[in-house]
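This report concerns only the one structure given below.
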2 protein chains.
Amino acid sequence: MYTSSEEDYLKAILKLSRKENGPVTTGALATELHTAAPSVTDMIRRLAEKRLATYERYHGVQLTDEGLRIATALVRRHRLWEVFLTEKLGFPWDAVHEVAEQLEHVQHPDLIERLDAFLGYPRFDPHGDPIPNAQGVWPERQRQLLSTVEVGVQVVIAGVDDHSVTFLQHLDRLGINLGTRIAVLERVEYDLSLYIHLVEQNRDLMLSDKAARSLFVEPIN
Amino acid sequence: MYTSSEEDYLKAILKLSRKENGPVTTGALATELHTAAPSVTDMIRRLAEKRLATYERYHGVQLTDEGLRIATALVRRHRLWEVFLTEKLGFPWDAVHEVAEQLEHVQHPDLIERLDAFLGYPRFDPHGDPIPNAQGVWPERQRQLLSTVEVGVQVVIAGVDDHSVTFLQHLDRLGINLGTRIAVLERVEYDLSLYIHLVEQNRDLMLSDKAARSLFVEPIN
DNA sequence: TTTATTTTTTAGAATATCCTAAAAATTTTT
DNA sequence: AAAAATTTTTAGGATATTCTAAAAAATAAA
């Protein structure tokens, strides 16, 4: 139906527009997609012609309802494939993005619904990111950044805001995973580092503020 | 590494060269790939430049060792994905080809080895076609066309030579699947139709010669 | 073995996607 | 509010893949 390239742009526009609301700029897209700005101008003009986005010269793009529908389906596909790769094929969480980036472009009427059923209808991917359902509805979850948690409170690791391989491997080395229960022991005033306690492993460790601002946690239910 | 298009050509050259030995003609490739002949000429010239095939003007193409290695890996990927789609996602055997055609182009160093392990190292795909191993070695199996089986002999359905949706659905309607045990009761002299007995279902039915020439069987082990 | 037919290649062009360099518009600074 | 800096678009071109029409080569027929 649409080319991989068009799909990549739609997904990028969705991603950026979920951060800041209002139109997405050419420059932001160029950075996100690692392309030159003129390539972006070309493509968003084409997307607008196909009624997947609205575009006004010098004022950025916005997805139409149809564009949003497609982009959301792509996020769904991407994240379901990531679940498959980690849960079924045993890939580490820092290695699934590249492959899912390719798998998400595979076109078939009910491939994804079958995959979803096979995986047991997961609501979050291996990085804790929400997986929209077949109707495009995103699951809700009350999560916050670890950096905002009060001292003394116990929480559970629920996701990462930085998906880089280096950060994910850093977490592995520290023994921090999705579902890991932690207690915030102390926030160092000087540089905002955190002393935390890993409950299951009965171990204390120190976390930089940068790391704490890249970790989502949720209350213990 | 290589584009989907290059991979499609390599796979087609392998397929055709396994039927007839010697170089594969431009016309045969054009038919196989549903493209115009000049497109084929262009591509095989490019493949030759990249040392994936040898090509002599007006005399067809042949894969080099490297081309053969890549094409074999593609067949391996295609067939493993087909096993995944039927065994794990519950797709009917007449619906997997199109999807596998896309999935086989997904590039990743150990995706296929992990998939192979997850599937339990299958040696044959849902249509009974052999799956080359990671070293490119094809599993052997003594199979013959049902049309060549002597009257009175019992055999097991081991594969199809015609992969068309209509034929596969025809077999479904008849209750014939991979692994179905049959006995050849009679060969009608007039049109070579076969009366066969489905052992498990304790049922007799008639099969056209055309169908019998599209079914592989193997001896009961 | 010359002629006719078929196959293959060359020539030239279209589309999708990307690029660099230069021009135009917008935003920021003074 | 004019000048400077930044961002975006236009212009023009490259590559990969495909196509149709015409020319060239190979094969088949007379």
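Given the structure is predicted, the values throughout are model-derived calculations rather than measurements. Letters go in sequence order (proteins before strands), and every chain restarts at 1.
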Short side-chain N/O contact from Thr25(B) to OP1 or OP2 of dT7(C), under 4.0 Å: no
dT9(C) OP1/OP2 closer than 4.0 Å to side-chain N/O of Tyr55(B): yes
Thr41(B) side chain near dT9(C) phosphate (N/O to OP1/OP2, under 4.0 Å): yes
Distance in angstrom units between Asp8(A) CG and dT17(C) P, rounded: 10 Å
Given DNA chain C, 5'-ward residue of the pair Ala36(A) and His59(A), judged by closest heavy atom: Ala36(A)
Spacing between Met1(A) atom CE and dA16(C) atom C1', to the nearest angstrom: 18 Å
Under 4.0 angstrom between Tyr9(A) side-chain N/O and dC18(C) OP1 or OP2: yes
Contact under 4.0 Å: Ser5(A) side-chain N or O vs dC18(C) OP1/OP2: yes
Between dT17(D) (P) and Ile44(B) (CD1): distance, integer Å: 14 Å
Between C1' of dT7(C) and CZ of Arg57(B), the distance in whole Å: 14 Å
N/O (side chain, Arg45(B)) to phosphate O (OP1/OP2, dT10(C)) under 4.0 Å: no
Steps toward ring-ring contact (aromatic ring centres under 6.0 Å, His included) verdict (His127(B), Phe167(B)): CA-CA 12 Å; His127(B) 311 107; Phe167(B) 182 56; over 10 Å; no
Geometric class of the His78(A)/His97(A) ring pair [parallel <30°, tilted 30-60°, perpendicular >60°]: tilted
Ser39(B) vs dC19(D): side-chain N/O to OP1/OP2 distance below 4.0 Å: yes
Whole-Å gap separating P (dT17(C)) and NE2 (His105(A)): 12 Å
Separation of atom CD in Glu56(B) from atom P in dA24(D), rounded to whole Å: 20 Å
Candidates dC19(D), dT17(C), dT9(D) - which lies nearest the side chain of Thr35(B): dC19(D)
Phe118(B) and Phe84(A) aromatic ring geometry - parallel, tilted or perpendicular at 30°/60° bounds: perpendicular
Between P of dT18(D) and CE of Met43(B), the distance in whole Å: 5 Å
Of the listed nucleotides dT17(C), dA11(D), dT18(D), the one nearest the side chain of Arg46(A): dT17(C)
Closest-nucleotide 5' rank along DNA chain C - winner of Ser4(A) and Tyr58(A): Ser4(A)
Salt-bridge present (Arg76(B), Asp116(B); N to O < 4.0 Å): yes
Aromatic Phe124(B) / basic Arg141(B) pairing, under 6.0 angstrom, 45° off normal: yes
Minimum-distance nucleotide to Asp42(B) side chain [options: dC19(D), dT8(C), dT20(C)]: dC19(D)
Residues Arg69(B) and Asp65(B) bridged, charged N to O under 4.0 Å: no
Between dT18(D) (P) and Glu6(B) (CD): distance, integer Å: 10 Å
Any Thr3(A) side-chain N or O less than 4.0 Å from OP1/OP2 of dT17(C): yes
